[in-house]
Amino acid sequence: MGDIKKPTFKINPRFRLTTKHLSVVWHCVDKFTLECEAALTIPDRFVYQDKNTVELLIQYHDGILDMIYHDSTDFETRKIQKWLRELMRDTILRIAKVVLPDRVKYWENMKGLHGTGVTVKRLRKNVLGYCTFNNHIALQPFLVIFKQEWTDGVILHEMAHYKYKHHRKSFWNFLSTLIGEDSKMVKAKDDIAMSPYYNYYLYLTKNK
């Protein structure tokens, strides 16, 4: 896969993320309302302050991130972008640790194949998953922001490695039986790389 240019966008009220497992919703309120809401201690509520002034409040509930801000919140600052990236990254990891193992278990039961477990963790860029020699699957948490059919494609690919530890013809034939069509025509990794949300993934996982 060729190099992809780094995204230039920022996380701000123009940022759109609507998926099966996570949606971002923006709310602009006046400063007084924001200060009042921030004063309430509620589970899964996160507050960003700058010089004792509340600039942004995020509330997570049932797969939704409510982003509450005022009209003077400066989304261009490096500090607020870093805070937003880390919070969204942590939220996605939290969701993925529940969703992805359940999805692997679903397909294992459907296909009558069983591995030794699932780990959800940040992997190297462009690595969406792998299967160990002992049939333990590791999955990239950001799979949950993409279409489920693409996520399923990655999961079934790794499950095919339960039986074949290579990518020779026998592997692709077995994968075709798992997905019910020619595996060479199913390119979940390419589909993910072409998705607009792939740039979100690159931005959210950058270190600085």
Side-chain angles (χ1 to χ4, degrees), residues 1-9 11 15 17 19-22 81-82 84-108 110-111 113-179 181-208:
M1 185 182 299
D3 291 336
I4 298 175
K5 291 182 180 180
K6 292 183 179 180
T8 57
F9 59 80
I11 303 173
F15 180 96
L17 182 65
T19 72
K20 179 176 181 179
H21 303 293
L22 178 65
Q81 284 298 310
K82 182 175 184 291
L84 282 167
R85 280 200 313 274
E86 291 176 351
L87 191 146
M88 290 190 67
R89 193 162 61 207
D90 291 346
T91 302
I92 289 169
L93 178 60
R94 168 184 175 179
I95 293 169
K97 284 186 172 181
V98 175
V99 169
L100 295 179
D102 283 351
R103 197 63 183 167
V104 172
K105 186 180 297 182
Y106 166 82
W107 282 117
E108 286 183 334
M110 286 288 291
K111 302 299 180 180
L113 294 170
H114 298 282
T116 59
V118 181
T119 298
V120 178
K121 64 179 181 179
R122 287 182 60 190
L123 305 176
R124 289 183 296 107
K125 178 182 171 182
N126 291 337
V127 175
L128 301 178
Y130 65 81
C131 180
T132 70
F133 182 78
N134 295 320
N135 292 341
H136 188 98
I137 289 178
L139 294 172
Q140 174 70 257
F142 279 80
L143 283 169
V144 297
I145 72 171
F146 299 109
K147 290 183 180 179
Q148 185 162 289
E149 64 187 90
W150 299 344
T151 302
D152 288 344
V154 173
I155 289 172
L156 289 169
H157 181 109
E158 301 311 329
M159 284 175 55
H161 285 306
Y162 290 172
K163 189 170 182 179
Y164 297 100
K165 308 300 183 188
H166 53 71
H167 288 111
R168 296 192 290 274
K169 185 177 180 180
S170 53
F171 167 84
W172 294 110
N173 287 343
F174 181 57
L175 179 56
S176 294
T177 66
L178 293 182
I179 63 179
E181 58 183 299
D182 185 352
S183 60
K184 292 294 184 68
M185 301 300 292
V186 178
K187 301 181 182 295
K189 186 174 182 179
D190 291 344
D191 289 335
I192 287 172
M194 294 299 293
S195 165
Y197 288 169
Y198 187 75
N199 278 341
Y200 287 24
Y201 152 64
L202 294 180
Y203 184 70
L204 291 172
T205 55
K206 75 179 204 174
N207 294 322
K208 294 181 180 180

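Residue numbers count from 1 along this sequence.
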For this session: Spell out, as yes or no, whether a donor-acceptor pair under 3.5 Å connects the side chain of K111 to the backbone of L178.
Result: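 Looks like yes, one N/O pair under 3.5 Å.
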Exercise. Between the side chain of T116 and the main-chain N/O of N135, is any donor-acceptor distance below 3.5 Å?
Worked result: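 Side chain of T116 to backbone of N135: a pair is present.
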Problem set entry | Pairwise salt bridge (charged side-chain N to carboxylate O under 4.0 Å, His left out) hits with a residue in residues 161-176, at least two apart |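 For residues 161-176: none.
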Exercise. Is the ring centre of H114 less than 6.0 Å from the ring centre of W107?
Worked result: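 Distance test on ring centres: not under 6.0 Å, no.
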[X] and [Y]: which non-hydrogen atoms are nearest, and at how many Å?
X    : Y    : value
Y198 : F146 : N-CE2, 3.6 Å
G129 : E158 : O-OE2, 3.2 Å
V127 : Q140 : O-NE2, 3.3 Å
H167 : W172 : O-NE1, 2.9 Å
V118 : L139 : CG1-CD1, 4.2 Å
I192 : L128 : CD1-CD1, 3.7 Å

Just so I know, are the side chains of [X] and [Y] near enough to count as touching, which here means a heavy-atom distance under 4.5 Å?
X    : Y   : result
F15  : M88 : yes
V120 : L93 : yes
I92  : R89 : no

Exercise. What ring pair (Phe, Tyr, Trp, His ring centres under 6.0 Å) pairs are there with at least one residue in residues 118-141, not counting sequence neighbours?
Worked result: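 Checked against ring pair (Phe, Tyr, Trp, His ring centres under 6.0 Å) - neighbours excluded - no pair reaches residues 118-141.
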For this session: With sequence neighbours left out, write down each residue that passes ring-ring contact (aromatic ring centres under 6.0 Å, His included) with H21, or none if nothing qualifies.
Result: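 Checked H21 against ring-ring contact (aromatic ring centres under 6.0 Å, His included); zero matches.
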Exercise. Sequence neighbours excluded, which residues qualify as ring-ring contact (aromatic ring centres under 6.0 Å, His included) partners of Y197?
Worked result: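 For Y197, the residues satisfying ring-ring contact (aromatic ring centres under 6.0 Å, His included) (neighbours in sequence not counted) are Y200.
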Identify every side-chain donor-acceptor pair in residues 97-106 under 3.5 Å, counting partners at least two apart or on other chains, and give the distances.
unit_1	atom_1	unit_2	atom_2	d
R103	NE	D152	OD1	2.8
R103	NH2	D152	OD2	2.9

For this session: Report the distance from atom CG of L113 to atom CD of E108, rounding to the nearest 0.5 Å.
Result: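 These two atoms lie 7.5 Å from each other.
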Exercise. About how many Å separate CG of L87 and CD1 of I11, when rounded to the nearest 0.5 Å?
Worked result: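 Between atom CD1 of I11 and atom CG of L87 there are 9.0 Å.
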For this session: Show your working on side-chain contact (heavy atoms from CB on, under 4.5 Å) between Y162 and I137 and close with a plain yes or no.
Result: CA-CA 9 Å; Y162 290 172; I137 289 178; 3.3 Å; yes
For this session: Please test L156 against L175 for side-chain contact (heavy atoms from CB on, under 4.5 Å), starting from the C-alpha separation and ending with a verdict.
Result: CA-CA 7 Å; L156 289 169; L175 179 56; 4.2 Å; yes
Problem set entry | By side-chain hydrogen bond (donor to acceptor under 3.5 Å, both in side chains) - contacts of K20 (at least two apart) |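 Once residues adjacent in sequence are excluded, the partners of K20 under the side-chain hydrogen bond (donor to acceptor under 3.5 Å, both in side chains) criterion are Q148.
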